[in-house]
Amino acid sequence: MSLNEQVENWLRERTAAFFSSDRPFITLTYAQSWDGSITTRSGETLCFSGPEATRLTHQLRSLHDGILVGIGTVLSDDPQLTVRKWEGDNPQPIVLDSQLRTPASAKVCHHPDKRCWILTVNGLSEALSPEASVIRLDGAGSGDAEVPLPRAMGLLRERGIRSLMVEGGAAVITSFLKAELVDALVLTLSPKLVGGYKAVYELLGGGDRNSPGITSVHSCQAGDDVVVWGDLQYGGHSS
Ligand SMILES: NC(=O)c1ccc[n+]([C@@H]2O[C@H](COP(=O)([O-])OP(=O)(O)OC[C@H]3O[C@@H](n4cnc5c(N)ncnc54)[C@H](OP(=O)(O)O)[C@@H]3O)[C@@H](O)[C@H]2O)c1
């Protein structure tokens with residue numbers, strides 16, 4: 001079975017077995033160097049994946065209802081978040097943006113068939129492009145607060161997002177892991193040593209929490225990259 005078939009079968013099995021109506025099934029996926037860096041430093045773009053892993057990323061996008069990134073990634077990479085290197089529908093683009101910094105010119109605001117959802121805690125929606133829908137999480141506190149993830153995930157589920165792919169960057173990856181909201185992880189390991197900005201940081205926060213584990217581990221080479229995937233387990237239990 002090809003890598004693409006293996007990952008698709010595995011993911012379809014996971015999402016079909018996920019029955020929660022409180023939030024979507026959440027897949028975390030990103031590319032990192034062998035030393036765990038996702039870029040040189042925050043705000044800089046570093047292209048990691050070879051063509052095979054890039055195709056897998058687009059396939060994964062097509063298998064989810066929604067795709068989410070942080071405003072840091074929008075400002076640095078200006079991603080389209082569409083399915084271009086695989087056959088399939090585009091997922092709903094979603095940005096975590098507490099301060100409404102998404103530029104009107106951002107590619108996610110000029111999506112071919114979807115209006116981007118900007119999740120925020122700030123009410124100043126007029127600052128944004130008419131191509132985007134600002135979704136304010138009521139009661140989230142002051143405009144300085146980050147978007148509260150459990151409430152945001154509940155709202156996405158209410159809006160019909162049953163499966164969500166989280167593509168980064170590091171602050172978002174770390175927040176989802178801390179909140180124990182990740183069900184599945186698909187990681188591309190690129191044969192580079194960067195010594196740069198790490199995908200995950202301060203996960204334990206100096207406390208006595210157990211770090212998450214990964215079970216049912218699979219791996220497959222994709223060109224020069226290695227793709228690894230598995231289920232997340234938190235303190236001996238899955239999410
Ligand atoms: N290799 C890869 O696969 C990959 C993938 C994606 C990105 N990247 C790289 O990662 C870098 C960007 O990462 P980053 O860590 O700087 O930014 P990020 O994770 O993309 O975005 C973080 C920002 O999102 C906002 N946010 C709102 N609610 C949040 C919440 N609950 N948790 C976390 N963040 C929340 C915050 O800004 P506000 O307070 O303003 O809302 C926060 O600063 C770029 O250099 C990009 O190239 C690499």
Side-chain angles (χ1 to χ4, degrees), residues 23 26-50 53-54 56-58 60-61 67-81 93-103 106-108 117-125 127-128 132 134-137 140-156 164-182 185-203 205 222 225-229:
R23 65 168 178 85
I26 298 175
T27 309
L28 181 59
T29 179
Y30 56 93
Q32 68 172 44
S33 61
W34 279 25
D35 63 311
S37 308
I38 57 166
T39 185
T40 41
R41 67 183 69 168
S42 174
E44 289 181 359
T45 302
L46 186 64
C47 195
F48 278 111
S49 309
T54 302
L56 179 67
T57 299
H58 284 241
L60 285 168
R61 288 178 178 178
I67 182 165
L68 180 146
V69 293
I71 178 64
T73 297
V74 170
L75 294 176
S76 56
D77 300 357
D78 196 14
Q80 297 183 58
L81 304 180
I94 301 158
V95 179
L96 291 182
D97 180 6
S98 320
Q99 304 300 316
L100 291 178
R101 291 186 286 147
T102 302
K107 287 183 182 142
V108 283
W117 295 351
I118 312 282
L119 294 181
T120 191
V121 293
N122 192 315
L124 305 171
S125 59
L128 277 173
V134 174
I135 303 171
R136 183 178 194 278
L137 279 107
S142 78
D144 294 337
E146 289 189 330
V147 177
L149 291 186
R151 208 176 313 155
M153 295 305 103
L155 187 142
L156 293 184
L164 179 71
M165 175 162 160
V166 174
E167 269 201 17
V172 166
I173 292 168
T174 303
S175 286
F176 271 85
L177 288 169
K178 272 186 177 168
E180 302 192 351
L181 281 168
V182 179
L185 175 63
V186 182
L187 181 61
T188 296
L189 287 169
S190 170
K192 291 188 179 78
L193 296 169
V194 174
Y197 187 52
K198 298 290 186 278
V200 183
Y201 54 87
E202 292 175 7
L203 205 50
D225 300 322
V226 175
V227 177
V228 293
W229 65 99

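Start at 1 and go down the list; that is how both ligands and their atoms are numbered. In what follows, every heavy atom counts, from backbone to side chain, and hydrogens, waters and symmetry copies are set aside. Position 1 is the first residue of the sequence, and the numbers go up from there.
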[X] contact mode with ligand 1 (heavy-atom cut-off under 4.0 Å):
X	result
V172	both
T39	side chain
R101	side chain
S76	side chain
A171	both

Which of the numbered atoms in ligand 1 are below 4.0 angstrom from a heavy atom of [X]?
X	value
E167	5 (C), 6 (C)
Y197	13 (O), 14 (P), 15 (O), 16 (O)
D97	41 (O)

Please check whether [X] reaches ligand 1 - meaning an N/O of the residue sits under 3.5 Å from an N/O of the ligand, judged on distance alone.
X	result
L46	no
G43	yes
Q32	no
Y30	no
S175	yes
D77	yes
F48	no
T73	yes

Just by distance, do the side chain of [X] and the backbone of [Y] share a donor-acceptor pair under 3.5 Å?
X	Y	answer
S37	S33	no
R136	V121	yes
T73	V69	no
T45	S76	yes

**Request:** With atom 17 (O) of ligand 1 as the reference point, say which of G70, A152, G72 has the nearest heavy atom.
**Result:**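 Heavy atom nearest to atom 17 (O) of ligand 1 belongs to G72.
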**Prompt:** Out of Q99, E146, K198, whose heavy atom sits nearest atom 30 (C) of ligand 1?
**Reply:**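 Among Q99, E146, K198, the closest heavy atom to atom 30 (C) of ligand 1 comes from E146.
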**Request:** Output, in order, the C-alpha distance, side-chain angles, deciding distance and verdict of salt bridge (Lys or Arg N to Asp or Glu O under 4.0 Å) for K198 and D35.
**Result:** CA-CA 8 Å; K198 298 290 186 278; D35 63 311; 3.6 Å; yes
**Asked** Judged by modelled atom types alone, do D97 and T120 share a side-chain donor-acceptor pair under 3.5 Å?
**Response**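 No, T120 and D97 have no side-chain donor paired with an acceptor closer than 3.5 Å.
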**Distance-only side-chain donor-acceptor flag, T188 / D225, under 3.5 Å** =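 No, D225 and T188 have no side-chain donor paired with an acceptor closer than 3.5 Å.
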**Message:** Working to the nearest 0.5 angstrom, can you tell me the gap between T29 OG1 and L56 CG?
**Reply:**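 Here the interatomic distance stands at 7.0 Å.
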**Message:** Working to the nearest 0.5 angstrom, can you tell me the gap between I26 CD1 and L68 CG?
**Reply:**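 Rounded to the nearest 0.5 Å, the CD1-CG separation comes to 8.5 Å.
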**Message:** Under the side chain to side chain contact (heavy atoms under 4.5 Å, CB included) test against V182, which residue among T27, I173, L28 passes?
**Reply:**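 Only one of T27, I173, L28 forms a side chain to side chain contact (heavy atoms under 4.5 Å, CB included) with V182, namely L28.
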**Asked** Does ligand 1 have any atom sitting under 4.0 Å from a heavy atom of F176?
**Response**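 No, that is not the case, since the closest heavy atom of the residue is not under 4.0 Å from the ligand.
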**Message:** Less than 4.5 Å apart, side chain to side chain, heavy atoms only: is that true for R23 and L181?
**Reply:**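 In short, these two side chains touch, coming nearer than 4.5 Å.
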**Pairwise side-chain contact, L119 with V134, heavy-atom cut-off 4.5 Å (strictly under)** =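 They are not in side-chain contact.
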